[in-house]
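First the structure, in the form of structure tokens, and then the observations on it.
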Amino acid sequence: RQMCIRDSAITVIPVSDSYQLWAFDSRGEWVSAATWSPTTTGAVRLTGATSTPTIDLDRIVITSDGRDDLLVDATL
């Protein structure tokens, strides 16, 4: 089973050197699925991956580097 999120946009984000997409599993562990840096246009197309089975995923979370700012928290 694959998950796909399309046409989602975060329009205002805090300035950061990098951002991370996290897979939050049923045991409460954060697993990094992707990392990216700001672009000159402000747009980014992102593909992430994790070894955590889809059935074990509880949430998808996007943060600034260091998890200082929680930008997206989507329950699955």
Side-chain angles (χ1 to χ4, degrees):
R1 185 173 97 173
Q2 292 183 356
M3 292 185 302
C4 184
I5 301 171
R6 293 182 189 262
D7 302 324
S8 295
I10 304 170
T11 56
V12 178
I13 62 172
V15 175
S16 181
D17 291 334
S18 65
Y19 303 93
Q20 289 192 291
L21 171 66
W22 299 92
F24 196 87
D25 70 18
S26 57
R27 294 182 315 254
E29 293 187 34
W30 295 65
V31 179
S32 181
T35 302
W36 70 99
S37 297
T39 63
T40 56
T41 65
V44 64
R45 185 173 296 265
L46 182 66
T47 299
T50 177
S51 62
T52 305
T54 306
I55 193 76
D56 291 335
L57 293 176
D58 280 344
R59 296 170 27 214
I60 298 295
V61 176
I62 298 175
T63 68
S64 60
D65 58 340
R67 297 188 214 166
D68 295 329
D69 299 295
L70 183 64
L71 307 176
V72 173
D73 188 348
T75 303
L76 304 175

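The structure displayed is predicted, hence computed values, not measured ones.
- Residues Y19 and S64 come closest through the heavy atom pair CD2-CA, 3.8 Å.
- When atom types are taken as modelled, the side chain of T39 and the backbone of V44 share no donor-acceptor pair closer than 3.5 angstrom.
- For the pair T50 and A23, the tightest heavy-atom approach, listed with the atom from each and the gap, is CG2-CB, 4.0 Å.
- Proximity of W36 to L21: side-chain heavy atoms (C-beta onward) are separated by under 4.5 Å at one or more points.
- Hydrophobic clustering of Ile, Leu, Val, Met, Phe, Trp and Tyr side chains at less than 4.5 Å, counting indirect connections, keeps V31 apart from V61.
- At a threshold of 4.5 Å between non-hydrogen side-chain atoms, the residues I60 and V72 do not count as touching.
- The nearest pair of heavy atoms linking T75 to R59 is CA-CG, 4.1 Å.
- Between E29 atom CD and D56 atom CG the span is 10.5 Å, to the nearest 0.5 Å.
- Of all heavy-atom pairs spanning A34 and T47, the tightest one is CB-O, 4.0 Å.
- Exactly one residue among D65, D69, D68 makes a side-chain contact (heavy atoms from CB on, under 4.5 Å) with S16. That residue is D65.
- Here the straight-line distance linking atom CH2 of W30 with atom CZ of R67 works out to 5.5 Å at 0.5 Å rounding.
- Atom OG in S26 sits 11.5 Å away from atom CG in L76 (nearest 0.5 Å).
- Taking all atoms of both residues into account, the shortest heavy-atom contact from L71 to T63 is CD1-C, 4.2 Å.
- In terms of heavy-atom proximity, Q20 sits nearest to T35 at NE2-OG1, 3.3 Å.
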